[in-house]
Trainee: 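Below is the structure I would like to discuss, written out as structure tokens.
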Amino acid sequence: MPPEPRTRSKHFEAKFYNLRATLDCGQAFRWLEHNDTWTGVIHGQWIQISNRQSGILVETTASSPKWDLIAGYFRFTEDIESITKAFPDDEHMTRAVSAYRGLRLLRQDPWECLASFILSSTKQIRHIRQIISKIAKHHGEEIPSLPGHDPAFTFPGPETLAKLSENALRELGMGYRAPYLRQTAQTIAAGKISLSEIGKLPYPKAKALLQQFAGVGPKIADCVLLFAYGKQQAFPIDVWVKRAINELYFAGQKPNKGTLENFAQTYFQPNSGYAQQYLFHYIRMMHTKGPQSNSPSSNL
DNA sequence: GCCCTACCTCTAAC
DNA sequence: AGTTAGAGGTAGG
């Protein structure tokens with residue numbers, strides 16, 4: 001038996017951090033929960049994370065943990081209360097905030113985030129997770145996890161995926177998204193578009209550049225801008241958010257595309273990106289559990 | 001520009 | 001238990 005890997009741990013102060021809402025609701029696809037403890041891999045490091053009094057405990061098997069990157073990923077220092085307080089003062093946002101108190105945005109690795117959302121089109125979250133897990137298992141590097149946990153793998157870089165055939169990607173179950181992912185990986189591996197440069201651009205230019213990648217349209221570009229680059233102007237409009245705006249703000253009369261986009265861009269400022277996440281979860285809950293269901297019982 | 005459809009595969013709902 | 005619609009869209013007509 002190999003010796004149990006040593007772990008390093010660190011406590012972070014963080015007021016209102018709802019791990020379930022943050023890690024399990026479709027902005028990231030690699031987190032697993034067991035007894036209120038979450039495990040995942042970020043920046044090549046296996047992480048275990050759980051709520052503690054007055055904060056968050058992070059443990060990792062990495063031999064020299066990159067705490068800065070870990071803290072950056074979780075955005076521990078973000079003042080979520082003042083962000084949600086600046087939301088529009090209407091009944092829907094008020095309900096969304098109370099149902100999902102402690103929901104945070106993450107700051108993910110741009111490549112993994114981009115690849116994940118290329119795979120997300122017309123897919124249920126469950127299946128997206130499945131595909132991403134397969135990619136890591138088959139083409140990532142194994143890294144140590146703790147006993148009792150599944151083997152852990154890094155998410156392979158663009159150079160690795162660029163070398164795979166379309167068929168090898170299709171074998172992972174991604175269907176017609178395979179050529180998109182392959183081409184995007186090749187574009188990055190060839191240095192034609194730099195992901196770190198995109199982060200330095202203002203929102204409109206960054207969005208336009210992201211849309212040059214195969215399989216990336218306005219929605220996926222906005223997801224990456226919000227979940228990886230932290231651009232608050234990004235407001236991904238998917239079927240759920242569109243449904244939410246139609247139902248809650250236009251009384252069910254569908255506004256045309258321009259009206260809806262304009263509303264999305266202006267009404268929720270200045271924290272539109274955060275507002276989008278709360279709205280997304282709120283409308284999904286309304287549809288899956290019924291409008292009566294009001295369960296704010298998240299662990300804070 | 002705007003609308004339409006094809007696209008893979010799997011899950012959830014009959 | 002088998003069948004089918006629909007799923008955090010995008011590209012190309």
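A, B, ... follow the sequence lines: proteins, then strands. Residue 1 opens every chain.
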Trainee: Can you tell me how far C1' of C:dT10 sits from CD of A:Q183, to the nearest Å?
Mentor: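 Result: 12 Å.
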Trainee: In this structure, is the centre-to-centre distance between the rings of A:F268 and A:F87 below 6.0 Å?
Mentor: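 Judged by ring-centre distance (under 6.0 Å), A:F87 and A:F268 do not meet the cut-off.
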Trainee: Could you check whether A:H139 and A:F155 have their ring centres less than 6.0 Å apart?
Mentor: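 Aromatic pair excluded; centres sit 6.0 Å or further apart.
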Trainee: Planes under 30° and centres closer than 5.5 Å, is that true for A:W240 with the base of C:dG8?
Mentor: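 No, A:W240 does not stack on the base of C:dG8.
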Trainee: When hydrophobic residues are tied together by side-chain contacts of less than 4.5 Å, even through go-betweens, does A:W67 share a cluster with A:I49?
Mentor: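 Yes; tracing contacts between hydrophobic side chains, which count when under 4.5 Å, links both residues.
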Trainee: If I take atom CD in residue A:E166 and atom P in nucleotide B:dC7, what distance separates them, rounded to the nearest angstrom?
Mentor: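 The distance from CD of A:E166 to P of B:dC7 comes to 13 Å, rounded to the nearest Å.
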Trainee: Could you check whether A:P218 gets within reach of a base, just the sugar-phosphate, or nothing at all, counting any heavy atom under 4.0 Å?
Mentor: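 Counting heavy atoms under 4.0 Å across all strands, the contact made by A:P218 is with sugar-phosphate only.
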Trainee: Give A:E171 one of three labels, base, sugar-phosphate or nothing, depending on what nucleic acid heavy atoms sit under 4.0 Å from its own.
Mentor: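 Since no nucleic acid heavy atom lies under 4.0 Å of A:E171, the category is nothing.
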Trainee: Can a side chain N or O of A:Q124 be found less than 4.0 Å away from OP1 or OP2 on B:dT9?
Mentor: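 Answer is no, no contact under 4.0 Å.
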Trainee: For a side chain to side chain contact (heavy atoms under 4.5 Å, CB included) with A:L119, tell me which candidate from A:L172, A:L169, A:I135, A:I220 qualifies.
Mentor: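 Among A:L172, A:L169, A:I135, A:I220, the one that satisfies the side chain to side chain contact (heavy atoms under 4.5 Å, CB included) with A:L119 is A:I135.
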Trainee: I need the CD1-P distance between A:I135 and B:dT9, as an integer number of Å.
Mentor: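 It works out to 14 Å between those atoms.
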Trainee: What I want to check is whether an N or O donor and acceptor connect the side chain of A:K219 with the base of C:dT10 at under 3.5 Å.
Mentor: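 By the distance-only test, no, there is no pair.
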Trainee: Starting from the 5' end of DNA chain B, give me the residue, A:R126 or A:T122, whose nearest nucleotide shows up first.
Mentor: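 The answer here is A:T122.
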Trainee: Applying a 4.0 Å non-hydrogen cut-off, can you work out what A:G26 is touching in the nucleic acid: base, sugar-phosphate, or nothing?
Mentor: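 Base, at least one base atom sits under 4.0 Å.
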Trainee: Please compare A:F227 and A:Q211 by the position of their nearest nucleotide in DNA chain C and report the one closer to 5'.
Mentor: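 Upstream on the strand: A:F227.
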Trainee: Could you tell me how far apart A:N167 (CG) and B:dC8 (C1') are, to the nearest whole angstrom?
Mentor: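 Answer to the nearest Å: 13 Å.
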Trainee: Aromatic ring centroids of A:F74 and A:F12 under 6.0 Å?
Mentor: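 No, ring centres 6.0 Å or more apart.
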Trainee: Across all strands, who's sitting opposite C:dG8 as a Watson-Crick or G-U wobble pair, both distances under 3.5 Å?
Mentor: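 For C:dG8, the partner nucleotide comes out as none, under the 3.5 Å rule.
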Trainee: Respond yes when some side-chain nitrogen or oxygen of A:R170 is under 4.0 Å from OP1 or OP2 of B:dC8, and no when none is.
Mentor: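 For B:dC8, OP1 or OP2 has a side-chain N or O of A:R170 closer than 4.0 Å.
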Trainee: Ring centres of A:Y17 and A:F76 under 6.0 Å apart?
Mentor: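 Yes.
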Trainee: Using the six-membered ring for Trp and the full ring for Phe, Tyr or His, decide whether A:Y176 stacks on the six-membered base ring of B:dC7 (centres under 5.5 Å, planes under 30°).
Mentor: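 The ring of A:Y176 is stacked on B:dC7.
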Trainee: To the nearest angstrom, how far is A:I283 atom CD1 from C:dA7 atom C1'?
Mentor: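 To the nearest whole Å, that distance equals 17 Å.
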Trainee: Map A:F213 and A:R177 onto DNA chain C by nearest heavy atom, then report which one ends up closer to the 5' terminus.
Mentor: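 Closer to the 5' end of DNA chain C: A:R177.
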Trainee: Could you tell me how far apart A:Y180 (OH) and C:dA11 (P) are, to the nearest whole angstrom?
Mentor: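 Atom OH in A:Y180 sits about 6 Å away from atom P in C:dA11.
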Trainee: Nearest whole Å is fine: how far is B:dT11 P from A:Q130 CD?
Mentor: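 Spelled out: CD on A:Q130 to P on B:dT11 is 5 Å.
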Trainee: What integer distance in Å separates A:Q276:CD from C:dG8:P?
Mentor: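 Spelled out: CD on A:Q276 to P on C:dG8 is 14 Å.
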Trainee: Could you identify the nucleotide paired to B:dC8, looking across every strand shown and requiring Watson-Crick or G-U wobble geometry with both distances under 3.5 Å?
Mentor: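 Check on B:dC8: unpaired, no WC or wobble geometry under 3.5 Å.
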